[in-house]
Each structure stands twice: as C-alpha cells, then as structure tokens.
Amino acid sequence: MDARYEPETVEHAAQAFWEASDAFRVTEDPTREKFYCLSMFPYPSGRLHMGHVRNYTIGDVISRYQRMRGKNVLQPMGWDAFGLPAENAAMQNNVPPAEWTYENIEYMKAQLKRLGFAYDWSREFATCDPSYYRWEQWLLTRLHAKGLLYRRMAEVNWDPVDQTVLANEQVIDGRGWRSGAPVQRREIPHWFLKITDYAEELLEAIDTLDWPDAVKTMQRNWIGRSEGVEMDFPVDGGDPLRIYTTRPDTLFGVTFMAVAAGHPLAIDAAKGDAKLAAFLEECRQGGTSEAALETAEKQGMATGRYAINPMNGERIPVWVANYVLMGYGTGAIMAVPGHDERDHEFARRYGLEIRQVIAPADGTALDIQAAAWTSKEDMVTVNSGQFTGLSFQAAFDRIAEHIEQLGLGERRVNYRLRDWGVSRQRYWGCPVPVLHTEAGEVPVPDALLPVVLPGNAEGEDPTAPLAKRPGFVETTDPATGRPARRETDTLDTFVESSWYFARFACADNDAAMLDERADYWLPVDQYVGGIEHAILHLLYARFFHKLMRDEGLVSSGEPFTNLLTQGMVVAETFYREQGGRTTWYAPAEVVVARDDKGKVTGARLQADGQPVEVGPIEKMSKSKNNGVDPQAMIERYGADTVRLYMMETSPPDQMLEWSDSAVEGAARFLRRLWRIVHEHVSTGGLPAPGTAVDVATLDDAGRALHRQTHETIAKVSDDVGRRYKFNTAVAACRELINAVSERAGEPTHRAVVHEALEAVVLMLAPVVPHACHALWHALGHGSPVIDARWPEADPSAMARDEVELVVQVNGKLRGRVTVAAGADRDTVTAAAMQVENVARHVGGKSPRKVIVVPGKLVNVVV
RNA sequence: GCCGGGAUGGCGGAACUGGUAGACGCGCCAGACUCAAAAUCUGGUACCCGCAAGGGUGUGCGAGUUCGAUUCUCGCUCCCGGCACCA
C-alpha cells in the first residue's frame, strides 16, 4: 500500500478491476431477493452537470449498500436521446442529430465510468436506437386497436415564416424564436393517448406509493377529480345549454350563463352579430400560453340569447366569457356571482345581479355585493325555495336527485387531466407507426416494424420534418399494394421515457418488447431523480406501466415503489452592474474577504482586484455563470472526493450548496483515512479476516472504542437503510475515525482499532468505493469490498455498565451524574441530589417533584 | 389566490418518539513543525458577563400546553417550490 493517497491511481485500479470482472453485470435469480435501483436517465446534452453527479451518486450509494446487504441488485443506465436540443445543435453546426447525439453519449458515458457508478452497462440503450423505439411503435399499434391512441384536431403554435410547428418553449413573447414572426394558432390533426381512461386508477393508486407527499399532492391536483352535476338549461328558441357544476347547492343563485368563445352557441349567435363575431375572434388571438391567460382580464359580451333556470323558471342571459374554458366540462357554466369569485368579478364588471343563496350556518351576516362567499363548510342554503335550510351535502344530494328526476341531467365526476397530446411535427423523434391508405388510417403491421427514422442525405436539411421528406412519406399499402402515405408526426419524447425502466429488464430481447425478466425486476424498488419530473414524467410512466399491464406484459400495477427526489445543486453568485448591464463572474474568479470571525465582508475579482457584488445563492446555470464543471473537479480531486462531498454536505432531498473549500475538506478526510489505515497496517501484523475482538482483554478505552464502533454501525445502517440521511451517516463515520486516531498506534488497542477501521471502510464503501476497494485489501482481505457483507452491530458490545445522566433543576441543566445502568429511581435521585451544583440550586428546599427519564436525565422541580 | 415545504452559530447542517440545542464539516483565531510556504498536527470557536468556577440569553415573531418545547397547539412574518380562471 502506498503511503500517500493518490486518487487517480486508486480509482483507475478499482475501475479496471470492476470492468475486468464484470462486477456489476446481473442476472435474474429467483432464489435471491432482488433490488432494482434506478436513477432518471439523462438527456445526452454533451457533458454531465453537477445535478447529474448528485442524482447518480445517490442512486449508486443505495445500489452498493443493497448489494452489501446481499440483494441481487440491478442498476442500469441509458440515454433519453430524442428531442429538440439535438435539432438545435444540428442547425448550428450542420451535423445530423444522430451523429451529435451518439457523440455526446460516448463522452458522457466515459464521464459516468470515471465516477465509478456500479452500472450494468450490458443493458444500456439509447431511446433513439431503432431496436428500442421499435417496441414503442409495436405497443402503439396495440393501443391504436384499443382506441387508446387516436387522432383529432388540436391547436398548435404555428410559425408562419418558418412554416413549422413550435414547441411552447420556442414561443418567446408570442413570437417564433428563430423567425421573430407573431405565432399563430392553427388547428391540425394530432395524436392523443387516452390517459383520461386511467384517471381514476392513477388517482387511487397514489395512496399505495411510498413517495414524498409533495409529489403525491401534485399528482392528485394535476388529475383534479371533482364531483358535480352535468345538466341542461333550456334556451329560448334553441338547443338546451349543457353545463357542469360542482355547486348544485347554489342553483337558485344563477343570474347569468357563460360559454367559452369556441362554444357552438357562441359561434351560432355571432352569425348575425358582427360585434360578437369580432369579440370571438379577439379571444382566439390571445396566446394559449399560461402567462397570457394569467394576466388576462375578465371580458365578455352578451349573446342576446336567454336560458331558463329549471329550478325557478327565471329567464337569464347567456354571455360569452373569456374565462370559460372550452376544454373542461362542457365549455359552458352557470354563473353564481354570489358564491364564485370569478363570476363575482365578471358580474361587477358588467353590472349583473349578485344574489345570495347560501349563508354561514352560525347566522353571521355577509355583504355578498362586496365579495363572493364560497364556503362549503358550515353553510346553509337560503332563498332556495323548497331546498332552503340545507347543508352543502344535503343540498347537493337533493338538488341533484331533483334534476335527475326532471331528466335534465345527472351526477358526474370530472377530471382536470386531459388526454396526452403526443404528436410533434419534428424530425428527431420516434415516428408514429401509422399508414394513411385508401382504406383509411391503419397501423403498420408488426412485420414492417420498426418504422425507421430516415437518415440524412448529402445536402439535405438534417432537421427537415418527416413531412418534407418525400422518400419517407410515399409508400404502399401492404394489404393492397396501392399507394399510401406514412404518418409524418413523431412522438413526444416523454413517450420514450415512460417505459424505459421496464426495457432495462430485457434490453437484449429482439423478439418482444418485454419478457418474463420484467416481472422479476419490476417494480423499481428505488427511483431517484429531480423533483422537476414530479408531475409529467412520473404520471406518464405510471400510465404506461398500466398500459403494459393491460397488454399482459407486466403484472405489477405501479412502476416505482419508492421515490427519492433530490434537491438542486446551487452556488454563490457574483456580479457587477455597469451601465445598466449586469455581468456575472464565476465563483472561481472571485476572492472572498472575511472578518476575523469568518463572516463574509466582501469580494473582489481576481483579475483586477476590484470589488464585485455578492449575489444570491442560485441554481447553477450558464446565465448566472455560477456552474461548476464536474469534470474539472474529478480531475482535480478524484471521483471519490466529489462523491463524498455530495453525500456529506446535505440530505439528498435538500438543496446542496457548492463550496470549494468544503470539497477540500472531503479530500482532506480521505487523505487522513488513508494515512491512518496505512500507519495501522505498516506497524504490525493483521488479524485473519473475521477474527472477533477478544472483549475480555480490553481496558476501558478499548471497550469504549469497541462500543463506539458498534453504535456507529447501528446508526449508519439506520441512516442509510431507512432514513436516506447519508450526511449524518458520513458524520458518524468521521466521528469514529476521530476516535480511532486517538487510539491508533497503541499496541494494546490494535484489535479494536482494526475492527473500527474495517467497519468504517465497509460503511463508506458505497460512498467512496474506489478508496475503500484499496483500503479493504490493505486491511488484509483477498476478496473485494463490493462482495463483502454490510457490518452487523453487536448488541453486547453496545451494552453499558454505567450511564451518564443529565441533571436539571426546574428544567435547567445544572450538572451530570454517572450511575449504574440499571439503577432504580431512588438511587438515581439520591445520586443527582449529591451533585454540588445541583444541591446549590435546590438550596435545601424539598423537591416538589422529581422526573427521572431512564438513561437520559433527572429533573428536580422545587 | 390555492396546495406543499421551510426559517437553528459567520456558513452547510445535526438533534429521528417532547428530554444535554449547535453532532460532523467549512470558515475563522491561536499554537506546533518549517529558513519559509504548502501539507499535516494540537487547542479554541452561539452570544453576553467572568481569570476561573459559574451565571444569564438563545432555534423567524407573538401567545399557549408541559416539570421540560427546535420538536406539540393557535395566531402572524418572511423565504422556497408547484399549480393557477378546471366552474
């Protein structure tokens, strides 16, 4: 063993060993307990960023820990490879998206290997490989047959200059990002996946998941289940107006109706009304973006039509209102300004009647003209004819029943969740496997799958959408031999990432999408990734899992049993304002000044020595110039230091603040650990592996270290295995090393020092696997540490003869006392009263009460 | 606006079930080694008073429950994240 810790040498040796022994390749073994640990696979953008490093280190620590627990651990890695950035890069550099993507994959794969992650690379794939998306296409043809994949008209952002569809993020301030032309809304046919069929199941199953509450709540809100009534309001001289309401208890308070600008009634009414037609057109112009809707004021116009409130026969005006959404419910509402804030705002603006029909049950008076009162709790109906005097639930039930009896409508559950629009009119994606033949729309037969994305011919625009590639579009109907056209839409890249976790189980199968191995590995036991995927990716993946289950491909109902969402990696920012412009400086270019207590007093730019402003701590980003390149850190300190820093600095679900000097501290610890082990192994013989410490021969100091070793094992096992608190686990290891360094070199304590060092090396092996690989060998072990078992805490080692208790007087700490471990209450109390400082504070008075918490404290109340 | 999470030394954080607040680390201060520096090692480091022993204060703010509250309850303030006209 080298006296000096050389991370590069150590890490290359360990990685070479793992590679040569195929250490992380796994096969299915029904006799062993499996553990499938998955980190969200990356988009191959070019280089890893710190967020990736954090994500993958967390996953790797869990995987390596579970392996040491004896589980059959699968930890795969792949590439979420389709998507817009490849097209952008292609346009900038004139390199085909595929080439750019595969080059990035090669580079990033080398980076991942350099970090020493325990991946089974034999299962690697990129989603842009035809061998992957072939099965996606195959599944889609099955879904098409079931009606779960269907086509209908939908609005898109259309760039009239570039003649192309734009993604939402390509629309900047209502203009195309490249052309600068105002974006138009255009209706074109779109493919949809019918996720709404699964809304109820997706909602109910959330309760079964061991996920962070924040994520579960977000998914529940996204699905947005509501119970209400769908019913008709008769219209003078027209078809009845069907509306949806969750508040049938307020039906007597309806003073107008409102329909969306796209509603048939509005369009019909506009036929003879130029002003109304102009208003509808204006509503259509407004952007589809959320930002536009957010700021939009409530606007509307009367249609001249009137509806009849079936509850009381009143004749009420029908308005068009821009706050009514065509895509939810029926695109029409009954407006109750007294008890709905939006309706209230609208009514005030247009001078419509505001009427109170519910009131606080305790009789409190309300000024309903000033503000809407919307409570469902502690309310009672008023001014509601035969339904007056009821609670929300009673009014809901009786009025709903009444409407059902009148044949005007029925109770109905609605969801906010919409069907998933999966069409993209772009090149770099998975082609939708459909042909348009003379007989209509038909799925591509299995034998003709995959529909391969065409490559790029010389001189061709490498990003031209499929519709502009005649060689791709024109084909023949395999059934008739007659001319046919291929579908030219490609799929949203979220589709590929919705089932990749399953394909890892059997990535080499070229005869089926999934096989029986999927049921061995699934569901994923631990999924690790960013909170930014809390809704879409995680919901779509759950949906696809159910689709695959209903296709008989898997038997489980949910894909991810346990979810860990890691926090962002953030860093300090530094800037200067010059002439109204802000220039951001990288933390590495800045020297921070401190006072003699360590408090930051200012910062100067290294280059010119002049002050810069200290900005807020923010997520690492190019715009704030505060990113730290993992590659540079790995080259400087080695992978283990970076891994250790990431794990010991914050709990995984919290933000992690980057600090160069704290990274230095992690490096220091590894050097120290190395040196302590080196001194230990070079100053005497080593016990045979597995030799137990002879407790009988230990003195007090030796017993204390022996005890601390086992207490640390117990704590770290709990922190890593149950709590996922890697920061406190590392801290406990550091404490044990601090204790070891006090005993190191003492011949009488050699056995307990050896035991402690072995425990630390085993417990840190998941975090700093390379260093521990070398140290484990140095401690006399022939087999590698990845095959060692996680240490077990020995309860007898942790037993204490004596315990130190804290003594309080009136709840204030006044002293300490050491008593026998099993001492009874009276003994403990007596001992506590003898402590000088305690006696002084009790002051001879007789205690009113003495509280004894065994093993912890004594509180004397006087 | 609604939903979720949070606020602890100069900084990151610890205290898991109501029981020693500040583990571990960073930074800072002092010392050892060194011609010097780096590296390493030792000690100190919440704040105030005190040579010390010790005392007082202290977990965003204000109340409450309790022998005892960072932890529980109520009412605020601020910060972060998500959703946002879903009838």
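Please read all numbers here as calculations on a predicted model, not as lab measurements.
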>> Test your reading of the model: is there a side-chain donor-acceptor pair from A:D660 to the backbone of A:A588, 3.5 Å cut-off?
In response: no

>> Within 45 degrees of the ring normal and closer than 6.0 Å to the centroid, is that where the cationic atom of A:K298 sits relative to A:Y323?
In response: yes

> Which of the following nucleotides, B:rC67, B:rC24, B:rC3, is nearest to the side chain of A:K849?
Replying inline: B:rC67

> For the ring pair A:F256 and A:Y350, is the centre-to-centre distance below 6.0 Å?
Replying inline: no

> Is the count of non-hydrogen atoms from other residues, nucleotides or ligands lying under 6.0 Å from A:E377 atom CD greater than 12?
Replying inline: no

Protein-nucleotides 27-32 of chain B N/O pairs closer than 3.5 Å?
residue	atom	partner	partner atom	Å
B:rG27	O2'	A:R594	NE	3.2
B:rG27	O2'	A:R594	NH1	3.3
B:rG27	N2	A:K597	O	3.4
B:rC28	O2'	A:D596	O	2.1

> How close or far is atom P of B:rG81 from atom CE of A:M218, stated in whole angstroms?
Replying inline: 12 Å

>> For the aromatic rings, using the six-membered ring if either is Trp, is the centroid distance between A:Y540 and A:W420 under 6.0 Å?
In response: yes

> Hey, does A:V862 have a side-chain heavy atom less than 4.5 Å from the side chain of A:N810?
Replying inline: yes

> Mapping A:I851 and A:R672 onto RNA chain B by nearest heavy atom, which one lands closer to the 5' end?
Replying inline: A:R672

Under 3.5 Å, which protein N or O atoms sit close to an N or O of nucleotides 54-57 of chain B? Give each pair with its distance.
residue	atom	partner	partner atom	Å
B:rG55	OP1	A:R814	NH1	3.0
B:rG55	OP1	A:N837	ND2	3.3
B:rG55	OP1	A:H841	NE2	3.3
B:rG56	OP1	A:R814	NH2	3.4
B:rG56	OP2	A:R814	NH1	3.1

> Quick one: salt bridge (Lys or Arg N to Asp or Glu O under 4.0 Å) pairs with a partner in residues 722-735 of chain A, sequence neighbours left out?
Replying inline: A:E648-A:R734, A:D718-A:R722, A:D719-A:R723

>> Suppose we define a pair by two distances each less than 3.5 Å, Watson-Crick or G-U wobble; what does B:rG81 pair with here?
In response: B:rC3

>> Whether A:N859 contacts B:rU66 is assessed here as follows: a side-chain N or O lying under 4.0 Å from the phosphate OP1 or OP2. Is that the case?
In response: no

> Tell me: CZ of A:R4 to P of B:rU40, nearest whole Å?
Replying inline: 10 Å

>> Any side-chain N or O of A:Y328 below 4.0 angstrom from OP1/OP2 of B:rA87?
In response: yes

>> Please verify the inter-ring angle class for A:H537 with A:H533; under 30° counts as parallel, over 60° as perpendicular, anything in between as tilted.
In response: perpendicular

>> I'd like the P distance from B:rU73 over to B:rG6, given in whole Å.
In response: 12 Å

> Among pairs that include at least one residue of residues 221-230 of chain A, which meet side-chain hydrogen bond (donor to acceptor under 3.5 Å, both in side chains), considering only residues two or more places apart or in two chains?
Replying inline: A:E200-A:R225, A:R225-A:E227, A:S226-A:Y244, A:S226-A:Y328, A:E230-A:R242, A:E230-A:R412

>> For a quick check of understanding: with a heavy-atom distance under 4.0 Å over all strands, which category does A:V861 fall into, base, sugar-phosphate or nothing?
In response: sugar-phosphate

> When you check the glycosidic angle of B:rG58, does it come out syn, meaning within 90° of 0, or anti?
Replying inline: anti

>> Going by ring-ring contact (aromatic ring centres under 6.0 Å, His included), name the pairs with one or both residues in residues 709-729 of chain A, residues two or more places apart or in two chains.
In response: A:H706-A:H710

> Just wondering, more than 12 heavy atoms not from A:E341 lying within 6.0 Å of its CD?
Replying inline: no

> Toward the 5' end of RNA chain B, which comes first, A:E735 or A:W222, by nearest nucleotide?
Replying inline: A:E735

>> Classify A:G224 by what it touches in the nucleic acid, base, sugar-phosphate, or nothing, heavy-atom distance under 4.0 Å.
In response: nothing

> Reading nucleotides 11-18 of chain B from the 5' end, what letters show protein touch, with B for base, S for backbone sugar-phosphate only, - for no heavy atom under 4.0 Å?
Replying inline: -SSSSB--

> Is any side-chain N or O of A:R675 closer than 4.0 Å to OP1 or OP2 of B:rC41?
Replying inline: yes

